[in-house]
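Chain naming here is simple, since letters A, B, ... match the order of the sequence lines and numbering starts at 1 in each. Because the structure is predicted, anything quoted here is derived from the model rather than measured.
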There are 2 protein chains.
Amino acid sequence: MTKEIALLNHLWTDIYYQLRYIHQEKITHQSVRILQVIQKEEEAGIKEVAEAIQVSHNTASEHIKRLIEKKYVFKTRSSKDERKVILRLSDLGIDVLYRHSSLDEDKLRQVLFERMSDEERQRILEAFTLLKERAKDVHDL
Amino acid sequence: MTKEIALLNHLWTDIYYQLRYIHQEKITHQSVRILQVIQKEEEAGIKEVAEAIQVSHNTASEHIKRLIEKKYVFKTRSSKDERKVILRLSDLGIDVLYRHSSLDEDKLRQVLFERMSDEERQRILEAFTLLKERAKDVHDL
DNA sequence: GTGTTTGTATCGTATTATAAGATATATTCC
DNA sequence: GGAATATATCTTATAATACGATACAAACAC
């Protein structure tokens, strides 16, 4: 059981190391994490970001200010509660996050379409779909 | 073709967001990248690290100094060329990198062993093995 | 409607990270 | 022995990170 888990993790990190984007703008760890939270969570505001990256609300507010300066993020307000900020990624922000968490499209193209049969590619996509499906709502600890 | 690539990337980031480790020590972006280089490359020294993260050799040297202070990394010297440093991850460094790039073992355990049949798990592992195999030596641009 | 809570923003301050030029040293190559 | 190579250190500069204190407006409580 531990063997399969270790194997999958080894494959996971090897694949990412091989296929990730190389030429990336300078960006901090916290910035990437915040962009991820905004993209993956529905209606994230300052408070949600602060909880997600485990910093105080004022620190989170500062982070967001910098991300807005860089045009990665913009603010809207909730219509239900005018105090609440709703954060959204700009096109640039989506792009930057993509290049810091996704696999390089050119490399994927080579792997999936030049080095695989249609049937092999299909098997890969089905396996990832299955894993994503079963990973939904896994609980922490 | 673009559709399959976008789909795979979407699945990739969703799976990582769901299954990654949450409780992590503070560590910078550059530190993670350096630890990855040391782990995945054979016999990385200061020069290799500098090239990999695209900074000057003196900056790379400073980074390594800090990583050694934190006991994530230690130095040996090449026996062939005594000028050359060979960097290695300590057990702590391996552990820290693991928690910043791998999938959470407890979560994987739930997904692979409580929510999948033997046959499904087998299909996942085979798909990842295939993808890793074909990803080998993909060239940049 | 006044007081409290909630969500966010800003100011001040401190520490750490990041980066590179200048310079130094040890080893290897020729 | 001199040049090239690999690394280390010192200095200096800027940006990132973090939080306490404070402020304020919207929402809620009664």
J.: Indicate if B/Met116 and A/Val138 have the same hydrophobic cluster label, given that clusters are the connected sets of ILVMFWY residues with side-chain heavy-atom separations under 4.5 angstrom.
T.: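 Yes, same cluster.
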J.: Reading DNA chain D from 5' onward, which residue's closest nucleotide shows up sooner: A/Lys70 or B/Gly45?
T.: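 Its nearest nucleotide lies further toward 5', so the answer is B/Gly45.
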J.: Students should find this one: the first and last nucleotides of DNA chain D, 5' to 3', lying under 4.0 Å from a heavy atom of chain B. What are they?
T.: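 Listed 5' to 3', the contact boundaries are D/dA4 to D/dA18.
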J.: Does B/Arg66 have a side-chain nitrogen or oxygen under 4.0 Å from the phosphate oxygens OP1 or OP2 of C/dA19?
T.: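 Looking at the OP1 and OP2 atoms of C/dA19, neither is under 4.0 Å from any side-chain N or O of B/Arg66.
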J.: Return yes if a side-chain donor-acceptor contact under 3.5 Å exists between A/Arg66 and A/Gln30, otherwise no.
T.: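 Not at all, the side chains of A/Arg66 and A/Gln30 share no donor-acceptor pair under 3.5 Å.
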J.: Using heavy atoms to find the nearest nucleotide of DNA chain C for B/Lys80 and A/Ile86 separately, return the residue whose nucleotide is more 5′.
T.: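 It is A/Ile86, whose closest nucleotide lies nearer the 5' terminus.
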J.: Has the side chain of B/Thr13 got a donor or acceptor atom that lies under 3.5 Å from a matching backbone atom of B/Asn9?
T.: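 Yes, the answer is positive, given that a donor and an acceptor are paired below the 3.5 Å cut-off.
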J.: Between atom NE2 in B/His57 and atom P in C/dT18, what is the gap in whole Å?
T.: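 Taking NE2 of B/His57 and P of C/dT18, I get 18 Å after rounding.
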J.: Would you mind reading off the distance between B/Glu62 atom CD and C/dA22 atom P, rounded to a whole angstrom?
T.: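 From B/Glu62 CD to C/dA22 P: 16 Å.
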J.: Pick base, sugar-phosphate or nothing for B/Gln30, based on heavy-atom distances below 4.0 Å to the nucleic acid.
T.: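 Answer is sugar-phosphate: B/Gln30 comes under 4.0 Å of backbone atoms only.
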J.: Between B/Glu41 and A/Tyr17, is there a side-chain donor-acceptor contact under 3.5 Å, judged purely by atom types and distance?
T.: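 Yes, a side-chain donor-acceptor pair sits under 3.5 Å.
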J.: Without hydrogens or angle criteria, can the side chains of A/Arg20 and B/Gln36 be said to hold a donor-acceptor pair below 3.5 Å?
T.: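 Yes, because at least one side-chain N or O of A/Arg20 sits under 3.5 Å from a partner of the opposite role on B/Gln36.
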J.: Determine the contact category for B/Thr28: base if any of its heavy atoms lies under 4.0 Å from a base atom, sugar-phosphate if only primed atoms, P, OP1 or OP2 are that close, otherwise nothing.
T.: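 Since only primed, P, OP1 and OP2 atoms lie under 4.0 Å of B/Thr28, the category is sugar-phosphate.
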J.: Looking only at the side chain of B/Val55 (C-beta and beyond, no hydrogens), which of the listed nucleotides C/dT8, C/dA19, C/dT28 gets closest?
T.: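 The nucleotide sitting nearest to the side chain is C/dA19.
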J.: With a 4.0 Å limit, can you tell me whether A/Lys65 has a side-chain N or O closer than that to the phosphate oxygens OP1/OP2 of C/dT8?
T.: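 No.
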J.: B/Ile68 has an atom CD1; how far is it from atom P of C/dA17, in whole Å?
T.: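 Rounded to the whole Å, the gap is 15 Å.
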J.: C/dA19 C1' sits how many Å from B/His29 NE2, rounded?
T.: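 After rounding, the gap between these two atoms is 16 Å.
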J.: Just call it for B/Asn58: base, sugar-phosphate, or nothing, with non-hydrogen atoms closer than 4.0 Å on any strand.
T.: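 Touches a base.
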J.: Side chains of A/Tyr98 and A/Glu105: do they bring a donor and an acceptor to under 3.5 Å?
T.: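 Distance-only check passes for A/Tyr98 and A/Glu105.
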J.: Could you pull out all residues at least two apart from B/Glu133 that satisfy salt bridge (charged side-chain N to carboxylate O under 4.0 Å, His left out)?
T.: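 Only B/Lys136 meet the salt bridge (charged side-chain N to carboxylate O under 4.0 Å, His left out) criterion with B/Glu133.
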J.: Under 4.0 Å between a side-chain N or O of A/Lys84 and OP1 or OP2 of C/dG7?
T.: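 For A/Lys84, the contact criterion (side-chain N or O under 4.0 Å from OP1 or OP2 of C/dG7) is not met.
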J.: May I ask you to verify if any side-chain N or O of B/His63 is less than 4.0 angstrom from the OP1 or OP2 atom of C/dT18?
T.: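 Checking B/His63 against C/dT18: at least one side-chain N or O falls below 4.0 Å of OP1 or OP2.
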J.: Do the side chain of A/Arg83 and the base of C/dT8 come within less than 3.5 angstrom through a donor-acceptor pair of N or O atoms?
T.: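 Donor-acceptor pair under 3.5 Å: no.
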J.: Figure out the CZ/C1' separation between A/Arg77 and C/dT8, and round it to whole Å.
T.: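 Result: 6 Å.
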J.: Taking for each residue the nucleotide of DNA chain D bearing the nearest heavy atom, is the 5' side occupied by B/Lys47 or by A/Ile53?
T.: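 Result: B/Lys47.
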